[in-house]
Amino acid sequence: MLRQPSGPLAAVLAAAGHPARFQILQSLVAGPKPVADLQTELALASPGRLYHHLKTLASAGLVEQPERGVYRVPAHAIFPVLALAAAAIDVAQGATPPPHPRDLPG
């Protein structure tokens, strides 16, 4: 992992790291959705913004368009997307240290 070229890896992380794109991934990891549903769900200012984010995610291999107007996370990317989310949760929650065992009830 540490010997991989950083460019493609950074592109995936950058694509997933934008708040709107992360929301898109959260939505699509559950299954394919039409663009209209994503637009409503995410309440983005314009369809153009949504398509821009989808294009960025597709370029990184995080989403695909199996049919016109429908997007999904490809099967090979579902677990990596979930792992990215889990890692982000761990790091974000790491700012607060876990309670010491002596402080736990029981």
Side-chain angles (χ1 to χ4, degrees):
M1 176 175 89
L2 299 176
R3 293 189 176 141
Q4 296 295 316
S6 62
L9 303 178
V12 170
L13 293 173
H18 187 280
R21 292 192 289 265
F22 192 76
Q23 282 184 293
I24 292 168
L25 289 172
Q26 286 177 303
S27 180
L28 294 178
V29 80
K33 288 197 177 167
V35 171
D37 290 357
L38 287 170
Q39 181 69 36
T40 300
E41 188 177 318
L42 300 172
L44 292 173
S46 71
R49 273 326 287 152
L50 177 58
Y51 281 110
H52 167 76
H53 292 310
L54 289 167
K55 181 179 178 184
T56 301
L57 289 166
S59 293
L62 294 169
V63 300
E64 65 184 7
Q65 188 177 12
E67 59 187 89
R68 186 179 177 147
V70 175
Y71 286 84
R72 68 179 176 199
V73 174
H76 73 273
I78 291 174
F79 288 118
V81 166
L82 293 172
L84 281 173
I89 291 166
D90 285 350
V91 171
Q93 290 179 349
T96 305
H100 192 278
R102 72 171 180 263
D103 297 331
L104 296 174

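Start at 1 with the first residue, then count along the sequence.
- Hydrophobic clustering places V35 together with L62 (ILVMFWY residues linked when any side-chain heavy atoms are closer than 4.5 Å, directly or through intermediates).
- Here the closest heavy-atom approach between residue P74 and residue G61 is recorded as CG-O, 3.8 Å.
- Evaluation of the side-chain hydrogen bond (donor to acceptor under 3.5 Å, both in side chains) test over residues 77-86, restricted to residues two or more places apart or in two chains, returns none.
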Using distance only, find each side-chain donor-acceptor pair of residues 16-25 under 3.5 Å and give its atom names and separation, not counting sequence neighbours.
| residue | atom | partner | partner atom | Å |
| --- | --- | --- | --- | --- |
| H18 | ND1 | A20 | N | 3.1 |
| R21 | NE | A15 | O | 2.8 |
| R21 | NH1 | H53 | ND1 | 3.1 |

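- Closest heavy-atom contact between Y71 and V63: CD2-CG2, 4.3 Å.
- In terms of heavy atoms, V73 sits closest to V29 at CG2-N, 3.8 Å.
- Residues L54 and V12 are members of one and the same hydrophobic cluster, defined by side-chain heavy-atom contacts under 4.5 angstrom among Ile, Leu, Val, Met, Phe, Trp and Tyr.
- Both L42 and L28 are assigned to one and the same hydrophobic cluster, defined by single-linkage of ILVMFWY side chains at heavy-atom distances under 4.5 Å.
- P47 and Q39 make their closest contact through CA-OE1, 3.4 Å (heavy atoms, listed as atom of the first residue, atom of the second, distance).
- Side-chain heavy atoms closer than 4.5 Å link hydrophobic residues (I, L, V, M, F, W, Y) into clusters, and following such links, even through other members, never connects L9 to L82.
- Sorted by first then second residue, the salt bridge (Lys or Arg N to Asp or Glu O under 4.0 Å) pairs that include residues 56-65, not counting sequence neighbours, are E64-R72.
- Counting heavy atoms from C-beta outward, L13 and L84 have side chains that approach closer than 4.5 Å.
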